[in-house]
Amino acid sequence: MEKVSHRGRIVKVTPEFTTVEIISSSACSACHASGVCGMSEYTKKAVEVPTRAWEGFTPGEEVNVVLRASMGHKAVWLAYVLPLLVLVAVLMGTLALGAGELAAGLGAIAGVAVYYLFLWLFRNRLRNEYVFTIER
């Protein structure tokens, strides 16, 4: 099974969730001149992973956060590909119906906004599908 993993540090452990902080950095942040250049970027992301009591993780411990690669591909489809298809379909559809370019553009943006609203409304269902695991 292919999987995607990121290094992280455990921040908090509760009976329900273990919070892991992942630091994603750009490729140039590893450069020796990144402190002088100012182009390096990094962001901290917190991921909540269901806690398994028998694993005994402690705050401060370095771990790998793992997700199946197929789930990552599905996330890319939901976040980027499908909204693009909605945008193009609404744009072309409204133009084919004889609407002006401004109306078609605004309609396409509204279509994408409605798509993301539906994703937000179903976020709890999606959260149950995307389950991260922790490896030492």
Side-chain angles (χ1 to χ4, degrees):
M1 177 171 76
E2 282 187 45
K3 51 188 174 177
V4 177
S5 68
H6 294 282
R7 282 302 280 165
R9 181 181 308 271
I10 294 179
V11 177
K12 183 170 78 170
V13 179
T14 66
E16 296 85 28
F17 292 103
T18 300
T19 305
V20 181
E21 184 179 73
I22 299 172
I23 298 177
S24 1
S25 57
S26 64
C28 62
S29 66
C31 175
H32 69 282
S34 63
V36 178
C37 176
M39 294 296 290
S40 64
E41 299 176 7
Y42 71 91
T43 57
K44 293 182 181 182
K45 298 175 186 172
V47 177
E48 288 185 341
V49 181
T51 299
R52 296 184 214 153
W54 64 86
E55 290 180 327
F57 291 112
T58 57
E61 188 175 348
E62 294 271 335
V63 293
N64 284 326
V65 178
V66 180
L67 180 70
R68 287 193 332 238
S70 62
M71 289 290 102
H73 297 306
K74 184 177 178 182
V76 168
W77 272 90
L78 287 173
Y80 299 110
V81 177
L82 291 178
L84 176 65
L85 294 176
V86 167
L87 181 102
V88 171
V90 172
L91 183 67
M92 294 301 163
T94 52
L95 286 174
L97 292 173
E101 291 179 0
L102 178 63
L106 292 175
I109 292 171
V112 172
V114 169
Y115 172 81
Y116 280 118
L117 174 67
F118 277 112
L119 275 185
W120 182 78
L121 291 173
F122 291 105
R123 69 187 178 278
N124 291 329
R125 177 183 273 182
L126 290 171
R127 183 178 295 151
N128 292 335
E129 289 183 29
Y130 291 92
V131 178
F132 292 92
T133 56
I134 301 174
E135 293 179 350
R136 285 196 158 92

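Counting from 1, the numbers follow the sequence of the chain as shown.
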Inset, instruction - Spell out, as yes or no, whether a donor-acceptor pair under 3.5 Å connects the side chain of Tyr80 to the backbone of Ala75. - result: no
Starting at [atom1] of [X], measure out to [atom2] of [Y] and round the result to the nearest 0.5 Å.
X      : Y      : atom1 : atom2 : value
Arg7   : Glu135 : CZ    : CD    : 10.5 Å
Arg9   : Glu61  : CZ    : CD    : 10.5 Å
Leu126 : Trp120 : CG    : CH2   : 13.0 Å
Ile10  : Glu62  : CD1   : CD    : 9.5 Å

Inset, instruction - Answer yes or no: does atom OH of Tyr116 have more than 12 heavy-atom neighbours from other residues, nucleotides or ligands under 6.0 Å? - result: yes
Inset, instruction - State whether the number of non-hydrogen atoms from other residues, nucleotides or ligands found under 6.0 Å of Arg123 atom CZ is greater than 12. - result: yes
Inset, instruction - Considering non-hydrogen atoms only, spot the tightest contact between Pro83 and Trp77 and give its length. - result: CD-O, 4.0 Å
Inset, instruction - Check Tyr115 against Leu78 and note the closest heavy-atom contact, atom names and distance. - result: OH-O, 2.6 Å
Inset, instruction - Apply the test side chain to side chain contact (heavy atoms under 4.5 Å, CB included) to residues Lys12 and Thr18: give CA-CA distance (whole Å), side-chain angles for both, the deciding distance (0.1 Å), then the verdict. - result: CA-CA 6 Å; Lys12 183 170 78 170; Thr18 300; over 6 Å; no
Inset, instruction - Starting from Ile109, walk the hydrophobic network (Ile, Leu, Val, Met, Phe, Trp, Tyr; side-chain heavy atoms closer than 4.5 Å) and list everyone else you reach, by chain and number. - result: none
Inset, instruction - Give the cluster check for Val65 versus Phe57: same hydrophobic cluster or not, with ILVMFWY residues linked at side-chain heavy-atom distances below 4.5 Å. - result: yes
Inset, instruction - Group every Ile, Leu, Val, Met, Phe, Trp and Tyr by side-chain heavy-atom contacts under 4.5 Å, then state whether Val112 and Val81 land in the same group. - result: yes
Pairs of donor and acceptor atoms involving the side chains of residues 87-102, under 3.5 Å and at least two apart or interchain, shall be tabulated with distances.
unit_1, atom_1, unit_2, atom_2, d
Thr94, OG1, Val90, O, 2.8
Thr94, OG1, Leu91, O, 3.1

Legend entry - Test side-chain contact (heavy atoms from CB on, under 4.5 Å) applied to Val47 and Val11, Thr19, Ile22, the passing residue: Ile22
Inset, instruction - Please list all pairs passing the salt bridge (charged side-chain N to carboxylate O under 4.0 Å, His left out) test where one or both residues lie in residues 69-92, with sequence neighbours left out. - result: Lys74-Glu129
